[in-house]
Enquirer: 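First, the structure itself, so that you have it in front of you.
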There are 2 protein chains.
Amino acid sequence: MEFKEPETAEPAPCNCLALRQAARRVSQLYDFHLGAAGLRTTQYSILTKLKRLGPLSINELAKSMVMDRTTLGRAIRPLERDGLLKIGAGDDARTRRLGLTAVGQARLTIAADKWNDAQREFEQSFGKNDAATLRSALLRVTTLDFDGSHPA
Amino acid sequence: MEFKEPETAEPAPCNCLALRQAARRVSQLYDFHLGAAGLRTTQYSILTKLKRLGPLSINELAKSMVMDRTTLGRAIRPLERDGLLKIGAGDDARTRRLGLTAVGQARLTIAADKWNDAQREFEQSFGKNDAATLRSALLRVTTLDFDGSHPA
DNA sequence: TGACAATAGGCGCATATGCGCATATCCAGG
DNA sequence: CCTGGATATGCGCATATGCGCCTATTGTCA
């Protein structure tokens, strides 16, 4: 058991940890608010994407969410179960077409209010401009190509 | 690349979504590298914290990781199973004391190399200075208090 | 000392996350 | 038409994530 010095003052220089911690923290805030509408943040994002981008295949939606195909494939199940979206046949016998239902639309309207509450609370604390700057940086992170061995 | 239409030029103004997407993306990069050492990023973080902060209780470690108590409580299980850390008795009959084992130390040494690869690759792509700035912003996010109804 | 708040954890439940492997289609050549 | 590669998805496995509810201990104070 060496004594290495507590090397304090070093707030975890790991970019990944910093991101995950912040994501956890903020997700809790948004989940707290969206919970009143019976949705998780991921679910809210999915429904929003569907509303904005119209019917999409699983692969398309997954890409637009920067999410693994299989992750999304399972994430939509509770949403279908609750009748918020429909999983129909696509142009192809392989593809499926995801579409928002009327119930989903209605739910989204309610949730949008709650989302606004969360968003407002976050930006009130963090700063509206800082938030915009942060989102911009995060967007760049999200679209990074890295070495090419693990592209987006 | 995909990203067909600028769709109203609004790149998801949701702070939470932006964070989660970036976290997913970067986690994949770090997981890819750390996988060679048989660790996930979260596991690497846990072991690193333990090494730096010495034996800790579950609650203490959870707080320092900005993670739910129960989440951590379960996350340490695979690590204990593989003999990387020990779960012993604390000062109290209630608390447990988590400590890194020799095996854990060794594994951490190997993983540190891989972590460096990931870190280097990320910063090469994103920019070293930008990364530092981003971490700083994320740290602030992590320690936000919000309304007080959902403190850190 | 005996009730009570506070503290430390565990467990069930439900979702989130993605890798590797397998299956069903579709498409472009031969 | 037949075959091989590309495409779209599913499933098993394992971890990650946190909420609500429950138990065990501990500290406190009348």
Enquirer: Find the distance Tyr30(B):OH to dA16(D):P and express it as a whole number of Å.
Expert: 17 Å
Enquirer: Rounded off to whole Å, could you give me the CD-to-P distance for the Glu60(B) and dA8(C) pair?
Expert: 8 Å
Enquirer: For Ser27(A), answer base if it contacts any base atom (sugar-phosphate contacts may also be present), sugar-phosphate if it contacts only those atoms, and nothing otherwise; contact means non-hydrogen atoms under 4.0 Å.
Expert: nothing
Enquirer: I want to check one thing: is the phosphate of dG9(C), taken as OP1 and OP2, less than 4.0 Å away from some side-chain N or O of Arg97(B)?
Expert: no
Enquirer: What heavy-atom pair brings Thr101(B) and Gly83(B) nearest, and what distance separates the two atoms?
Expert: OG1-O, 2.6 Å
Enquirer: Does Arg77(A) place a side-chain N or O at less than 4.0 Å from the phosphate oxygens OP1/OP2 of dC11(D)?
Expert: yes
Enquirer: Nearest whole Å is fine: how far is dC19(C) C1' from His33(B) NE2?
Expert: 16 Å
Enquirer: What residues form a side chain to side chain contact (heavy atoms under 4.5 Å, CB included) with Ile87(A), not counting sequence neighbours?
Expert: Ile76(A), Glu80(A), Leu85(A), Arg96(A), Leu98(A)
Enquirer: Which heavy atom of Gly99(A) sits nearest a heavy atom of Leu50(A), and at what distance?
Expert: C-CD1, 4.2 Å
Enquirer: Between Asn59(B) and dG9(C), is there a side-chain N or O to OP1/OP2 distance below 4.0 Å?
Expert: yes
Enquirer: Hey, are Arg135(B) and Glu123(B) close enough for a salt bridge, meaning a charged N less than 4.0 Å from a carboxylate O?
Expert: yes
Enquirer: Which part of the nucleic acid does Arg81(B) contact within heavy-atom distance under 4.0 Å: base, sugar-phosphate only, or nothing?
Expert: sugar-phosphate
Enquirer: Give a yes or no answer on whether the side chain of Asp92(A) reaches the backbone of Arg94(A) with a donor-acceptor pair at less than 3.5 Å.
Expert: yes
Enquirer: Please report, rounded to the nearest Å, how far the P atom of dA8(C) is from the CD1 atom of Ile87(B).
Expert: 17 Å
Enquirer: Just the rounded figure in Å: distance from P of dT15(D) to CD of Glu80(B).
Expert: 13 Å
Enquirer: Considering only NZ, NE, NH1 and NH2 on the basic side and carboxylate oxygens on the acidic side, decide whether Arg107(B) and Asp82(B) come within less than 4.0 Å.
Expert: no
Enquirer: Rounded to the nearest angstrom, tell me the gap between atom CG in Leu19(A) and atom C1' in dA16(D).
Expert: 16 Å
Enquirer: Within the distance-only criterion (no hydrogens, no angle test), does the side chain of Gln21(A) pair as donor or acceptor with the backbone N or O of Ala18(A) below 3.5 angstrom?
Expert: no
Enquirer: Write down the distance between CG (Leu34(B)) and C1' (dA16(D)), rounded to a whole number of angstrom.
Expert: 15 Å
Enquirer: Tell me the interatomic distance from Leu39(A), atom CG, to dA16(C), atom C1', rounded to whole angstroms.
Expert: 15 Å
Enquirer: Across nucleotides 17-25 of chain D, 5' to 3', mark each nucleotide with B, S or - according to how protein heavy atoms within less than 4.0 Å reach it.
Expert: BBBB----B
